[in-house]
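Reminder, nothing fancy here: chain letters follow the sequence lines and each chain counts from 1. What you are looking at is a predicted structure, and each value in this text was computed from that prediction instead of being measured.
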2 protein chains.
Amino acid sequence: MAHSSWLDAFLVEPGATIDLEALDPRDRSRFPDEESARAGIEADAKAIDDLQDRLYAEGRRSLLVVLQGTDTSGKDGTIRHVFGATGPLGVHVHPFGPPSREELAHDFLWRIHRACPARGTIGIFNRSHYEDVLVGRVRGLAPPEVIEQRYAQINDFERLLVESGTVVLKFMLNISKAEQGKRLQGRLDDPAKHWKFNEGDLADRALWDEYREAYRIMLERCSTAHAPWRVIPADRKWARNAAIAAIVRATLEAMDPRYPETTLDASSIVIR
Amino acid sequence: MAHSSWLDAFLVEPGATIDLEALDPRDRSRFPDEESARAGIEADAKAIDDLQDRLYAEGRRSLLVVLQGTDTSGKDGTIRHVFGATGPLGVHVHPFGPPSREELAHDFLWRIHRACPARGTIGIFNRSHYEDVLVGRVRGLAPPEVIEQRYAQINDFERLLVESGTVVLKFMLNISKAEQGKRLQGRLDDPAKHWKFNEGDLADRALWDEYREAYRIMLERCSTAHAPWRVIPADRKWARNAAIAAIVRATLEAMDPRYPETTLDASSIVIR
């Protein structure tokens with residue numbers, strides 16, 4: 001499979017008007033069958049590991065993967081499957097929960113900037129600065145005019161990252177309300193999954209439409225040419241993992257990181 | 001003295017064309033005499049201490065003071081005199097030297113953002129992100145197109161800070177080449193000041209004109225409505241300190257931080 005064909009998969013065109021309901025969470029048109037898609041995830045995960053080694057050795061650029069999605073949309077599972085084969089040396093996962101007291105004492109991008117990947121590494125944001133225009137908007141955690149300013153602040157911030165050598169990949173994991181219902185019920189039915197359940201999930205589910213609207217606005221304002229959004233059909237876990245693995249792999253292949261050239265003449269060195 | 005009259009002192013009008021040589025480093029027109037200016041520094045430093053207490057108690061906004069200037073222009077002396085009366089609880093000085101290996105592995109604003117003041121505090125940058133368009137430009141520490149991008153990146157970054165509740169005060173300490181010569185000679189003549197001298201200062205002095213040009217470009221591109229530059233006549237230490245103390249005080253007075261209102265009924269509480 002030519003991986004470059006994945007570069008524009010599920011891309012939100014900058015400036016486009018979004019109808020989220022028109023984006024099918026069960027879309028599997030890119031996959032002829034489930035079996036080959038699953039095999040693809042494994043192959044892509046291995047390729048990502050190899051590309052990450054080259055990125056690290058090159059030491060000039062970085063990749064930032066932003067994962068956003070409602071509860072149960074599969075952010076953890078994506079990380080496990082797509083980056084499971086990648087050594088931990090050059091991959092750092094940053095989960096962003098509610099901000100601490102110290103974080104709240106600074107602008108909302110302060111804690112985000114600190115966590116951005118160093119050259120040569122891949123950073124994965126499990127939730128991100130976009131929470132501040134999602135839950136922030138839906139729950140009214142800041143005045144409306146402050147929320148409004150954040151879209152441009154985010155675009156400017158991401159432009160700094162991109163101009164400084166970071167490729168920014170942003171994935172919205174798009175699951176349906178019905179699928180979320182099934183997954184939450186599954187957590188209730190299985191005592192081994194009770195730890196994953198919290199009451200807040202139900203409160204957020206009751207605000208489903210408000211969150212969808214906040215996502216729509218986010219996609220319309222923050223899918224930029226330098227850091228576009230991708231909306232990934234996420235009702236099927238294998239399709240979600242296969243799509244993201246293929247896009248990450250295609251992106252790293254397009255970056256084409258190289259081992260640095262050296263002038264080392266190994267034959268002239270004798271280890272005694 | 002009405003301190004609000006200091007708010008626009010030595011201000012670089014956004015969009016203005018700058019002729020640095022027309023700005024007199026010995027200008028003392030704002031001070032009738034040295035004695036009253038020195039008395040003013042002391043009064044202003046005390047007022048700043050009181051205003052800082054209120055800023056801290058209020059806990060909603062912050063002040064960032066950026067000090068830039070060539071070697072011997074008096075950055076340390078300014079901090080000592082203007083903030084000498086202010087308690088260290090809410091004032092943090094961040095000197096920015098050559099970036100570390102970890103800092104170099106990120107965009108140039110990464111270490112700057114980390115050091116930005118928390119709500120309720122005053123942050124003082126002794127040198128700053130502007131080094132990256134000053135020494136960075138003069139010494140060619142980055143490709144020209146990278147340097148060019150930084151001006152807009154800085155303006156966007158400072159807009160984020162300002163929109164998030166930080167007032168940004170930027171001072172260029174403007175000394176003449178003759179005065180710098182005297183001060184460097186003074187360091188050589190006095191063994192107790194030898195520790196302040198380093199060979200790099202002479203190398204930078206040899207590039208005086210190149211630095212002046214880099215300062216000019218910086219002032220023209222980064223004196224914005226949200227975070228304007230001020231060029232402070234700095235050949236006379238007392239005039240420099242008096243001007244900056246008055247501007248910092250006027251700025252804090254204009255911010256007018258308030259002790260938070262409480263509903264505490266102290267008379268109902270008995271300490272046993």
Do [X] and [Y] make a side-chain contact, defined as non-hydrogen atoms from C-beta onward lying under 4.5 Å apart?
X: B:Glu158; Y: B:His226; value: yes
X: A:Pro99; Y: A:Leu104; value: yes
X: B:Tyr151; Y: B:Ile147; value: yes
X: B:Phe171; Y: B:Lys75; value: no

Handout entry: Top contributor to chain B contacts, counting heavy-atom pairs under 4.5 Å, from A:Arg150, A:Arg114, A:Arg159
Key =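 Most heavy-atom pairs within the cutoff with chain B belong to A:Arg114.
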
Exercise for the section: Please flag which part of B:Gln153 lies under 4.5 Å from any non-hydrogen atom of chain A: side chain, backbone, both or neither. Expected result: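 Side chain only.
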
Exercise for the section: Against chain A, label B:Leu109 side chain, backbone, both or neither, depending on which of its atoms sit under 4.5 Å from a heavy atom there. Expected result: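 Contact with chain A involves both backbone and side-chain atoms of B:Leu109.
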
Problem - From B:Met218 atom CE to B:Leu20 atom CG, the distance as rounded to the nearest 0.5 Å - result: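 B:Met218 atom CE to B:Leu20 atom CG measures 8.5 Å (nearest 0.5 Å).
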
Exercise for the section: Could you please state which residues from residues 50-66 of chain B sit under 4.5 angstrom from chain A, measuring non-hydrogen atom to non-hydrogen atom, sorted by number, or 'none'? Expected result: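 Within residues 50-66 of chain B, near chain A: nothing under 4.5 Å.
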
Problem - Parallel, tilted or perpendicular, as decided by the 30° and 60° cut-offs, for the rings of B:Trp110 and B:His106 - result: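 Parallel, since the angle between the ring planes stays under 30°.
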
Problem - Criterion side-chain contact (heavy atoms from CB on, under 4.5 Å) on B:Thr166 and B:Val162, from CA distance to verdict - result: CA-CA 5 Å; B:Thr166 301; B:Val162 170; 5.8 Å; no

